[in-house]
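Quick notes on the structure that follows.
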Amino acid sequence: MSGTLVHDALVYGSDDHFVDELAPFALDGIAAGDAVYVVSRADNCALLEDALGSQAENVQYIDAAEWYRSPAQTIGAYDRVIRSSRAQGTPRLRVIGEVEFGTTATEHAEWARYESVLNHVFAAHPAWIVCPYDARRLPESVVADALRTHPHTFTGGSRRPSERFVDPAGFVRSLPIALPGELIEAIELNGSTRPARALVRRTASQVDMTPERVEEMCLAVSELATNAIMHAQPPATVRAYADGSVLVYEVSDAGPGLADPFAGFLPPNPSQRGGAGLWISRQLADRLEIDSTDHGTTVRLLVGRG
Amino acid sequence: MPCVGVSDLLGSSGGVATHDHVCCAFDERDDYRSQAVAFLSEGIELGLQVAYVGTGTVGALTEELTEIDGLDELIATDALRVMLLDDAYGVEPKRPVEQVADYADATAKALRAGFGGLRVAADATSLVRSSEHLDAFARYEHLIDRYMASAPFSAMCGYDRRAIDRDALEDIACMHPLGSEGTSAFCLFAVDDHTLALRGEIDIASQPAFERALARVDPPGRRNLVLEISGLEFVDHRGLLALSRYASAHEIMIVLQSESAIVRRLIEVLAIPHITTAGGSS
């Protein structure tokens, strides 16, 4: 695991199984001088903490509910951890990452996509991530996807290639956001993004948002509007839809479309000029989906839980 | 459109105390003239020496000031001076620092003569007609702004919209803390010896002017530049990256003074180097 990502799935069926596989994995990491993280439910964190004994304090424990808020935010959090461990001189990262898959089919599909995207996004980082899948709790379809989104499985301390692994570019697909309720407002952009921000401020009251959240949505929609103005032919439009609990902002353009299926999932290089708008919007949105064809691109940004 | 009235401007400071460096972009000369008369009259009330600078003849310029009470007496006692632009600024573009030094000398003379300071209203339209003039004058506008932040010198700069293209006017207006509304989406001005302030909106539309403005402004100190942004209504990631490149090029850190959570979040989300934030200005 010198300079590339190792991303393994571990399907377990009992607490003992979980501990027997992962305590040695963590201890090996500590012995090798890696930065070791456990991201899991509180009870699983406690199990490992117990099993690690005197070494327990050499591991960082993170509550999964906090870490797995949205796929893009988790990638952002990984990116920050990678940068800070590089800055501290321990570039090698060892992570036990137990994804919170949520309850709906959409959430399951989003997090399965996340597991696949991870292979691509951090391909060049010296990190070893083992993702435990609890066969007692997770639906069969989620566990089955683990073998399609991880190149290897991790069992008995050794790694085996997963025959069902699917190349991320083939696995990643758009997971359309349905338009809720009614069209509230639509505007055409004319070179300026100011009207897009004004639209967000006018429509934000459709759902419950703090003033800070409104500013975040202003920024997210403004960044999308900037992309539509810069990279596409007019007309670029911004529309707002709402049904009381969910608000969707839709930014459309008539440009050549986005070829990259991972657009906005990769942390941008800070020194590069532009190109970070989609990343920012993904970091700020509760969900964001891109639908791109040769005739144009439509980005939908969802606020609330839909 | 007349330029914004001075009385409306004083106090519209967006959280930062600003000095009287007013941009007056006008469509009708008489709009500028009446604003200048008000600005100079206020200066006379405050015990400042005032100067009215323009093109044409001294006689015609003096005519424009007839509304001012006791004009002849003021001129006779040197409390009010009428000057031609070429005499005040020269025919060729002057080096910006020299122009500032000239006004600093004039301010010192005003103080020695018993006035509280110097106030100038100048129609500077003809000084920005060529791109060479524009660049030098925009740099000068910033340097004189910095001087005004700490010296008893104040100025209203008139610009005729009909004679200056929009981008050029934007380049000049954004260097004024007052009166740039409607002409530039943002303004960058001095607060004190090591602090600048940025107000307005930086987005795709104002980004080119913002980058031109940064290119004309040297950091006031050698180390950290404190940038007060409580009046910055919006900045996108491109705006922050422009600041980051500026800091890198000048080998400084920029400390953004702001309560804004969104700016902090944006810096964190992109890991933007050379910029930090510090909560609220004192």
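Side chains included, hydrogens not; waters and symmetry mates left out as well; all remaining heavy atoms used. Letters go in sequence order (proteins before strands), and every chain restarts at 1.
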### Which residues share a salt bridge (charged side-chain N to carboxylate O under 4.0 Å, His left out) with B:Arg162, sequence neighbours left out
B:Asp160
### Message
What I want to check is whether the side chains of A:Ser84 and A:Arg86 have a donor and an acceptor closer together than 3.5 Å.
### Response
no
### Task
Identify, with sequence neighbours excluded, every residue that meets ring pair (Phe, Tyr, Trp, His ring centres under 6.0 Å) alongside A:Tyr68.
A:Trp111
### Message
Going by salt bridge (charged side-chain N to carboxylate O under 4.0 Å, His left out), name the pairs with one or both residues in residues 254-266 of chain A, residues two or more places apart or in two chains.
### Response
none
### Message
Can you confirm whether B:Asp236 sits close enough to A:Ile280 that some side-chain heavy atom of one is under 4.5 Å from a side-chain heavy atom of the other?
### Response
no
### Task
Determine which residues belonging to residues 208-219 of chain A lie within contact range of chain B, meaning some heavy atom pair is under 4.5 Å apart, and list them by number or answer 'none'.
A:Glu212, A:Glu215, A:Glu216, A:Cys218, A:Leu219
### Query
Do we see a donor-acceptor contact under 3.5 Å between the side chains of A:Tyr249 and A:Thr203?
yes
### Message
Quick check on A:Glu223 against chain B: is it the side chain, the backbone, both or neither that has a heavy atom closer than 4.5 Å?
### Response
side chain
### Contacting region of A:Arg197 [heavy-atom separation from chain B under 4.5 Å]
side chain
### Query
For the atom pair CZ (A:Phe265) and CD1 (A:Ile290), what is the distance rounded to the nearest 0.5 Å?
7.5 Å
